[in-house]
Number of protein chains: 2
Amino acid sequence: MKQETRKEEIIRVAAKLFKEKGYSAVTMRDLAKALGIKAASLYNHINSKQDILKTIIISVAEEFTYGMDKIINSEVSNISKLKSIVALHVNITANNTNGMASLNNDWMHLEDKLDYYMQLRDHYENNCIQIIKRGILASEIKECNPEIIMFSMLTTLRSLYLWMPKKEDFNTQDLVNNLTEVLIEGINK
Amino acid sequence: MKQETRKEEIIRVAAKLFKEKGYSAVTMRDLAKALGIKAASLYNHINSKQDILKTIIISVAEEFTYGMDKIINSEVSNISKLKSIVALHVNITANNTNGMASLNNDWMHLEDKLDYYMQLRDHYENNCIQIIKRGILASEIKECNPEIIMFSMLTTLRSLYLWMPKKEDFNTQDLVNNLTEVLIEGINK
DNA sequence: ACATTAAACTAACACTTGTTAGTTTGTTTG
DNA sequence: CAAACAAACTAACAAGTGTTAGTTTAATGT
């Protein structure tokens, strides 16, 4: 296990605070206090508050993009691809619960990286809905509005960060299985 | 149609801004500007920024509480009750999209009303999970983890505010039907 | 032992925050 | 017309904001 740098520690603690109160409500003095130092000392390690948010959100967003690109290019049924999407969300959330909170709630404060983020998100959603539409055409999936299916799936998966920390008795594989049951078997034909 | 008072207008505009940037990132000067007045003038109508948030969130939360109490006391099947919950969310969200955003994202900034809010939320979730558990016992609902079913349903329904404004081609009844199909038929036995 | 460096510190900055006090303006009511 | 009122205004406040500059401290490598 690689030792965490001070910069990484700052970003990790920032993500935790951002989850609890939101980016705008967390001050640099709050963050410093949580680390046991003075606010000015943070700037030996990071460039700006904005920069912390960018680092947190963009890295998670790129993980999703990378994961989705692998899924869409795999040679399996569309239903299997949807199951892989469930697993992708569970795994990323398990490794970075707090980052998921920022991604969900504070993306609008990204400023100069906002366009890039929205591009990644659109790309992701376009791939997702394409899988669903192909699944319907291939009679793997119920004749149902594909946008509603995607909305229902993605909002549930995106909100996992709220819920997973409270349910540590689930291992991630159990959770994937249960979510697949609820989210996918229901639309299965 | 009753004429909107100035206070109501302020709260309505505030809810819109809170949805876009979050409570903490919206300043009283932002709010005043959106209304075409100076920040100090707001205080002829409202007591504090806090008070605006309280008004927005608590009124929506109480609507949910009231709606849920009616549902749980009705004499219908548990599946029907779940369908009524879907309709409850769609209707409240249709009437107060921006308020739903604050409820979801800014409840932690409620301060002295925080305890009361969390009490309402717990009450709501307890009722919801009870319906699901009874549905499973009565063999109306699949043998599936009730907490996951509730989590999936409620996070989807709570996120409707993100999505309904973009899909005005749906009337609310269509939306209720489609969501019921995706959320409930899947767990139906 | 000495030079280097990582990482903390103090002090201060320019600006923004929510809010108050006191005043002005225009409209409604007696 | 005069009184009352709703709702805007200007000016200012104390506290808090992100950030910079310059300095000190303690550990590391030669």
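Proteins get letters first, then strands, A, B, ... in listed order; numbering begins at 1 in each.
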> When you measure from the side chain of A:S48, which nucleotide among C:dT20, C:dT10, D:dT19 comes out closest?
Replying inline: D:dT19
>> Judged by each residue's nearest nucleotide on DNA chain C, which is more toward the 5′ side, A:I37 or B:T27?
In response: A:I37
> Between the side chains of A:Q119 and A:D115, does any donor sit under 3.5 Å from an acceptor?
Replying inline: no
>> Assess, by modelled atom type and distance only, whether the side chains of A:D122 and A:Y117 contain a donor and an acceptor separated by less than 3.5 Å.
In response: no
>> Once pairs are restricted to Watson-Crick or G-U wobble with both distances under 3.5 Å, how does DNA chain D read as a dot-bracket string, [ ] for crossings and | for other-strand pairs?
In response: |.||||||||||||||||||||||||||||
>> Assess, by modelled atom type and distance only, whether the side chains of B:Q130 and B:N126 contain a donor and an acceptor separated by less than 3.5 Å.
In response: no
>> Tell me the interatomic distance from B:I46, atom CD1, to C:dT19, atom P, rounded to whole angstroms.
In response: 7 Å
> Rounded to whole angstrom units, what separation is found between the NZ atom of B:K38 and the P atom of C:dT25?
Replying inline: 16 Å
> Atom OG in B:S159, atom CG in B:L154: separation rounded to 0.5 Å?
Replying inline: 10.0 Å
>> For the residue pair A:K49 and A:Y23, would you count it as a cation-pi contact if the rule is NZ or CZ under 6.0 angstrom from the ring centre and within 45 degrees of the ring axis?
In response: yes
>> For the backbone of A:Q50 and the side chain of A:H109, can you confirm whether one donor and one acceptor N or O come within less than 3.5 Å of each other?
In response: no
> Base, sugar-phosphate, or nothing for A:R29, non-hydrogen atoms under 4.0 angstrom?
Replying inline: base
> With a 3.5 Å cut-off and no angle check, do the side chains of B:T155 and A:T155 form a donor-acceptor pair?
Replying inline: no
> B:E8 has an atom CD; how far is it from atom P of D:dA7, in whole Å?
Replying inline: 12 Å
> Quick one: does NZ or CZ of B:K113 land under 6.0 Å from the six-membered ring centre of B:Y116, within 45 degrees of the ring axis?
Replying inline: yes
> Using the ring of each side chain (for Trp, its six-membered ring), is B:F151 parallel, tilted or perpendicular to A:W163, with breaks at 30° and 60°?
Replying inline: parallel
> Whole Å only: how far is the CG atom of A:L31 from the P atom of C:dA7?
Replying inline: 15 Å
> Tell me: CD of A:Q50 to C1' of D:dG18, nearest whole Å?
Replying inline: 11 Å
> Has A:S41 got a side-chain N or O lying under 4.0 Å from the OP1 or OP2 atom of C:dC9?
Replying inline: yes
>> Contact list please: residues 106-117 of chain A against DNA chain C, heavy atoms, distance less than 4.0 Å, in numerical order.
In response: none
>> Side chain of B:H45, heavy atoms from C-beta onward: which of D:dT19, C:dT19, D:dA8 has the nearest atom to it?
In response: D:dA8
> Is a donor-acceptor contact shorter than 3.5 angstrom present between the side chain of B:N44 and the base of D:dA8?
Replying inline: yes
> Quick one: CZ on B:R6 to CD1 on B:I46, what's the gap to the nearest 0.5 Å?
Replying inline: 12.0 Å
> To the nearest Å, how far apart are A:K7 NZ and C:dA8 P?
Replying inline: 14 Å
> Which of these nucleotides, D:dT20, D:dA8, D:dC9, is closest to any side-chain atom of A:Y43?
Replying inline: D:dT20
> Within the structure, does a side-chain N or O atom of A:K49 lie under 4.0 Å from either OP1 or OP2 of D:dG18?
Replying inline: yes
>> Measure CD1/A:I52 against P/D:dT19 and give the value in whole Å, please.
In response: 9 Å
>> Using whole Å, what does the distance between atom C1' of nucleotide D:dT19 and atom CD1 of A:I10 come to?
In response: 15 Å
